[in-house]
Structures are given as structure tokens and as C-alpha cells.
Peer 1: 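Pasting in a structure now, in C-alpha cells, and then I'll have a few things to ask.
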Amino acid sequence: MQRTVTVIRGIKGIKDITPEQMPKWSVVEQTAHALAHSFGFHEIRIPVFEKTELYVHGIGGATDIVEKEMYTFPDKDGTSLTLRPEGTAGVVRAFIERGLKTYQPSRKLYYIGPMFRHERPQAGRLRQFHQFGVEFVGSVEPSADVEVITLLWRFFSALRLPGLSLELNSLGVLMDRQTYKKDLVAFLKTKEDLLCENCRRRVDANPLRALDCKVPRCREATTEAPYLTDFLSPSSKEHFDRVLQGLQALAIPYSINPRLVRGLDYYSMTTFEVSCSALGAQNAIGAGGRYDDLFETLGGTPTPAVGFAIGLDRVILALPEATLPAREPWIFVASFGEKGRPAGLSLLDSLRSKHVKADTDYNASTLKTLLRSADRLGAPYVVILGDDEVTNNQVILRNMATKEQENYPLDVASSAILSRLRFQQTRRNIN
RNA sequence: GUGGGUGUAGCUCAGUUGGUUAGAGCGCCGGAUUGUGGAUCCGGAGGUCGCGGGUUCAAUUCCCGUCACUCACCCCA
């Protein structure tokens, strides 16, 4: 018989998170939840797909994301739908749809979930990736910017990520950018023959991006380009200064990068990005900024807001082993024989009902194979329960590391084991 | 979308100027040890050499194509 069915593989750039990787994800997600809560943010779960127009209008039609990276498909009735490439547009849509006023307590929202972009995969870049993002809605105060950036920074600190740096810039308000753009374009035109092909196109399409180009010759050509920060209106400038002061007061280290330009159209005023030197080329690990015009763009009443998004897959890549918590103790039940087996099954159930993690291996039937299973599963304790034990109304509790064994009466075994584990636990905590 | 690298056992990789039954380590299964795991020793199973075509008496090896994985560019988290 020849096997003709081909194995169905997963989709390119879309990965499983295996049980081995889950402890890291749990730590990261729990940290996100706990920290967001402590800052007064409320979780929101928005759909993973929306009408395509939401992203086109929200993110900007000329951005790479909208132009070539979206998973877009027609619904049965022809409506164009898109898997969300980022979270902010969806949150803002939900916010507007529900009405800001009746949504009072949740002016500070956060989300965790998968995003989708059709890019060529590489280290730290997937087609389905995961973001933790927050949106602080309804405040123009620089303190709101500071709070969001603080949360961003504290999140990475809590996870002890190495090699972090925070960069800030201010894009000013639309007016500032318009006057600046004129100057910048004029400057770029004088250097046009020095720029790369890409940047030459950018001069007209999106001149700000030319400053962000990584081609060395372009960097050189634009070293004397006018700085956007010099074109900020007095109020924009003051806002930025107060953000910087706020960060200094909280001892959050940053540097100002006048070339920092975000890839989404909706940003204004403060923008920021955290990169991690422990990663490869894709080292932007979290970024965000203010987007005071987005609500209006999406048909809502003008509402200021500031937020960030963190790439959790990249966080996982940079996460040091030391951040993982100690494993909880648990019991492997090694029961065998005609009488031992059923006694073991009820002991398993009894332990579990007392919230003691307990497991066994139904495929192993001899003490030898059971112990080997326990060893492979990394069980710290094994309960040995054979026919002899049942006859004598006892169980053996074996410490796998020390090989010490203790006997307990079978009929009270689960509670005896529970208190034994508690004793071990508290002793460990004291030490 | 563009470029580079790599596809040989479950995993990490060797592989002879192209030549008979393609190897190692780790892992897995069994035994030494029929109520005590890890260690040691002994034995065993497991491979369309990514796929398709070409050159050749002969291809894992050379050529072409293709697919997959991967890194980088672009861009982004």
C-alpha cells in the first residue's frame, strides 16, 4: 500500500505555540494583564476581522500595510473584509460605535491578541503575530502620554528584557507637519541625485519616511535635513517638553530621535519606539504614539488618544529564562495490579478535587515503566500504589529527587499528601 | 515583492574527485533488573537522501526547474 495523501502543513509564517513554549507566553500575558490593571486599564476584545475600509481609512491608504500586507477577502455578499493588521483602528471603531459618553469608565482600554499581515516571514516577523496594546482615550494631557510610555517601559522591565532603548519624537500637529513638509521636500529636491530609488519616490509620496531610510548614502544626504522638532508650534513644543519632563521625573531613560517616523498615518504629536538589541534585524519590540485625529477620521467626534502596541512574539524571543516562575509541585500516581489500579484512579480524582495537580500514565502497567514515565514528565513526587499497599491500607509517597519514601494510610492519602505538599511549599518560601 | 543560505533517521548533523546493503551522536523500543526512574552495558526498530526532470553504464553527490524552511532587504510590533 502506497501512501498517496500528502501531509497538510501549516501556512507560511503562521506558527503553532507549542506546550513547551506556553510557560513563556503565560508569564508574558499575565504580566500584561496585571500591569494594565494596575494602571487602571480595562480589557477589550475586538473582532479579528473588520470591514476593509476601516483599516484603509484608519491606517492610511498609502501605507505599506494597506497597500500590500492585508489579508483581504470578500464576504458572501461581496463586502470586502480584512483580518486585522493592528488593533487601534478596531478599538476606536468599537469606541465610536458604542458612544464615548455611555462608555465612561473605560476610557483606558487594552487588548491582547493576534494580528495578521502578509509579509515575507523572518526572525521576529510572522504573518500571524500577537500584540498587547493599550489605548488611553480622551485626554490631551502630556501626563497621559507619560502614563502610556511608563506602562510600556514597566512591562519590559518586569520581564527583565535585556538591551532595551526607548526613543521619542514629536510629529507635532497637522499644521506643523505641513509647513515642515514643504521645507523638507525643498531640501530633498536639492539632494535628489544622492538618494536611493526608494527615497526619490518618497519625496513626493511620503517625504517624512526618507529620514527613516537605512541606506547609508541616504542617511548621509539627509544629515543636514531640517528637523521636524524645529517646526513645532509653541503648544506642540510645550506638550513634548512636558512629556519629557514627566519621563525624567519617573526616571525612565529615553533618547530623542528626530528621525523616528511611524509607519501608520494616524500618528501625531508624541511618537515612541522601544527596540531590543537582543533581537535580530526586526528589533522594534514596542511602539506607539498619540493619534488625536483618528476618531474624526473614522467618523467619530474629535477625541484625543494615545497608545502603544507591543509585539509579543518578539518579547518571547528576547525573554530570558530567569523570568520563568518555579514549577508547581505535583503528584504522579503510579498504581498497578488488579487492586492497585482502581485505587489509584480514585486517589487521582481525590487529589484533583483538592486542587492538587495529579496525573498518571495509562499506558504504563508496571512499577518500572510507571516510574520511568514519572521521571520523563518531571514529576517531583510519585505515589506508589500496588496490590500490597491496598491490602495494607497504605500508599508510598516517593520524592523523586531525594528518593525518600514515606507511608500514608490509603483512606486519608489525598489529604495527607496535600498537607505534606503545603509543608514543603511553606518551608521553601521561608528559605 | 527582491536577494543569500539550507533541505540526508523523531532531533542535531556527517557523507567518499559520481560506484555495491547511506552513517554518527542524541532520542525511541527491548533486555541485563518479572515492586522502584535517571546512570552503565548489550541488542533492536526507524531513511521515497524535499519533489520533478536532465546528464551518465551508474546520481545523496553534477546540471536545470520547483517547493519548503531560514536569514536579510523593504516595511513593521
Side-chain angles (χ1 to χ4, degrees), chain A residues 2-4 6-7 9-13 15 59 62-69 85-88 112-133 152 155-156 196-199 201-202 206 209 212-215 218 260-264 272-276 279-289 307-318 332 334-337 340 361 363-390 396-405:
Chain A
Q2 256 197 338
R3 214 177 54 160
T4 50
T6 46
V7 179
R9 314 188 77 246
I11 304 167
K12 181 200 284 284
K15 289 195 173 173
I59 298 168
T63 58
D64 277 18
I65 294 178
V66 170
E67 272 185 350
K68 49 189 188 188
E69 295 173 2
E86 58 101 47
T88 301
I112 297 178
M115 307 294 165
F116 307 86
R117 291 181 200 171
H118 189 103
E119 297 183 275
R120 190 81 168 263
Q122 80 188 68
R125 194 173 68 190
L126 301 168
R127 289 185 174 178
Q128 174 174 335
F129 59 104
H130 300 78
Q131 288 190 332
F132 159 45
L152 175 72
F155 176 74
F156 296 134
C196 71
E197 207 177 310
N198 231 320
C199 283
R201 225 174 298 128
R202 283 173 176 146
N206 196 346
R209 299 219 64 81
D212 209 25
C213 187
K214 279 151 196 156
V215 177
C218 289
L260 183 65
V261 176
R262 308 270 68 246
L264 290 72
F272 48 88
E273 178 172 310
V274 173
S275 53
C276 175
L279 270 60
Q282 308 302 321
N283 64 353
I285 202 168
F308 68 64
I310 290 171
L312 296 183
D313 306 83
R314 291 180 186 176
V315 170
I316 297 287
L317 287 178
F332 182 97
S335 66
F336 53 98
D361 177 3
N363 293 333
S365 56
T366 66
L367 182 55
K368 182 191 178 69
T369 52
L370 283 161
L371 282 171
R372 190 166 55 208
S373 274
D375 188 50
R376 280 180 197 171
L377 292 170
Y381 297 97
V382 172
V383 163
I384 296 172
L385 181 49
D387 290 347
D388 296 353
E389 284 71 26
V390 174
I396 300 167
L397 180 68
R398 177 180 176 85
N399 181 322
M400 291 295 274
T402 65
K403 296 187 177 185
E404 285 170 335
Q405 300 193 160

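Every value quoted in this text rests on a predicted model; they were computed, and no experiment measured them. Letters go in sequence order (proteins before strands), and every chain restarts at 1.
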Peer 1: Has the side chain of A:D387 got a donor or acceptor atom that lies under 3.5 Å from a matching backbone atom of A:G340?
Peer 2: yes
Peer 1: How close or far is atom C1' of B:A72 from atom CG of A:N283, stated in whole angstroms?
Peer 2: 13 Å
Peer 1: With A:E86, which residues qualify under side-chain hydrogen bond (donor to acceptor under 3.5 Å, both in side chains), at least two apart?
Peer 2: A:Y266
Peer 1: How does protein reach along nucleotides 38-45 of chain B, written 5' to 3' as B (base within reach of a heavy atom under 4.0 Å), S (only sugar-phosphate), or - (no contact)?
Peer 2: B-------
Peer 1: Is there aromatic stacking of A:F129 on B:A77 here, judged by a ring-centre distance under 5.5 Å and a plane angle under 30°?
Peer 2: yes
Peer 1: Could you list all N or O pairs between the protein and nucleotides 65-67 of chain B that sit under 3.5 Å apart?
Peer 2:
none

Peer 1: Report the residue (A:P121 or A:R314) whose heavy-atom-nearest nucleotide on RNA chain B is the more 5′ of the two.
Peer 2: A:P121
Peer 1: Using a cut-off of strictly less than 4.0 Å, decide whether A:K68 has a side-chain nitrogen or oxygen near OP1 or OP2 of B:C76.
Peer 2: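 No.
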Peer 1: Whole angstrom is fine here: how far is it from CZ in A:R127 over to P in B:A77?
Peer 2: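 In whole Å, B:A77 P and A:R127 CZ are 18 Å from each other.
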Peer 1: Answer with base, sugar-phosphate or nothing: what part of the nucleic acid does A:L385 contact at a heavy-atom distance below 4.0 Å?
Peer 2: nothing
Peer 1: Looking for any heavy atom pair under 4.0 Å, which part of the strands does A:A374 touch: base, sugar-phosphate only, or nothing?
Peer 2: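 It contacts nothing in the nucleic acid.
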Peer 1: Who passes ring pair (Phe, Tyr, Trp, His ring centres under 6.0 Å) against A:F308, sequence neighbours left out?
Peer 2: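 Expected list: A:F132.
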Peer 1: Taking only N/O atoms, report every protein-nucleotides 1-3 of chain B pair under 3.5 Å with atom names and distance.
Peer 2:
{"from": "B:U2", "atom 1": "O4", "to": "A:R120", "atom 2": "NH1", "distance (Å)": "2.3"}
{"from": "B:G3", "atom 1": "O6", "to": "A:R120", "atom 2": "NH2", "distance (Å)": "3.4"}

Peer 1: Look at the side chain of A:R398 and the backbone N and O of A:V382, then say whether any donor-acceptor pair between them is shorter than 3.5 Å.
Peer 2: no
Peer 1: How about A:M115 and A:P85: do any of their side-chain heavy atoms sit closer than 4.5 Å?
Peer 2: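 No; the side chains remain at least 4.5 Å from each other.
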Peer 1: Could you work out, with salt bridge (charged side-chain N to carboxylate O under 4.0 Å, His left out) as the rule, every residue matching A:R125, not counting sequence neighbours?
Peer 2: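 A:R125: salt bridge (charged side-chain N to carboxylate O under 4.0 Å, His left out) contacts with A:E119.
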Peer 1: Side chain of A:L371: nearest nucleotide among B:A77, B:C74, B:U36?
Peer 2: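 Among B:A77, B:C74, B:U36, the one nearest the side chain of A:L371 is B:U36.
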Peer 1: Does A:Q122 make a side-chain N or O approach to OP1 or OP2 of B:C73 shorter than 4.0 Å?
Peer 2: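 Checking B:C73 against A:Q122, a side-chain N or O does come within under 4.0 Å of OP1 or OP2.
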Peer 1: Tell me what A:L312 touches on the nucleic acid: a base, only sugar-phosphate, or nothing, going by heavy atoms under 4.0 Å.
Peer 2: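 Nothing, no heavy atom under 4.0 Å.
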Peer 1: A:T63: which residues meet the side-chain contact (heavy atoms from CB on, under 4.5 Å) condition with it, sequence neighbours left out?
Peer 2: A:I59, A:I65, A:V66, A:D265
Peer 1: Taking the nucleotide of RNA chain B with the closest heavy atom to each, which residue, A:G10 or A:G286, is nearer the 5' end?
Peer 2: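 With A:G10 and A:G286 compared, the 5'-side residue is A:G10.
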Peer 1: Report the residues that fulfil side-chain contact (heavy atoms from CB on, under 4.5 Å) with A:E273, sequence neighbours left out, ordered by chain and then residue number.
Peer 2: A:L260, A:R262, A:A284, A:A287
Peer 1: For A:E69, which residues count as a salt bridge (charged side-chain N to carboxylate O under 4.0 Å, His left out) partner, sequence neighbours excluded?
Peer 2: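 Here no residue qualifies.
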Peer 1: As a check on the pairing definition, encode RNA chain B in dot-bracket form, counting Watson-Crick and G-U wobble pairs whose two distances are under 3.5 Å, and using | for partners outside this strand.
Peer 2: (((((((..((((.....[...)))).(((((.......))))).....(((((..]....))))))))))))....
Peer 1: Sequence neighbours excluded, which residues qualify as side-chain contact (heavy atoms from CB on, under 4.5 Å) partners of A:F336?
Peer 2: A:L367, A:L370, A:I384
Peer 1: Going by side-chain hydrogen bond (donor to acceptor under 3.5 Å, both in side chains), name the residues that satisfy it together with A:S365, two or more places apart in sequence or in a different chain.
Peer 2: none
Peer 1: With side chains defined as the heavy atoms from C-beta onward, is the minimum distance between A:D375 and A:F332 less than 4.5 Å?
Peer 2: no
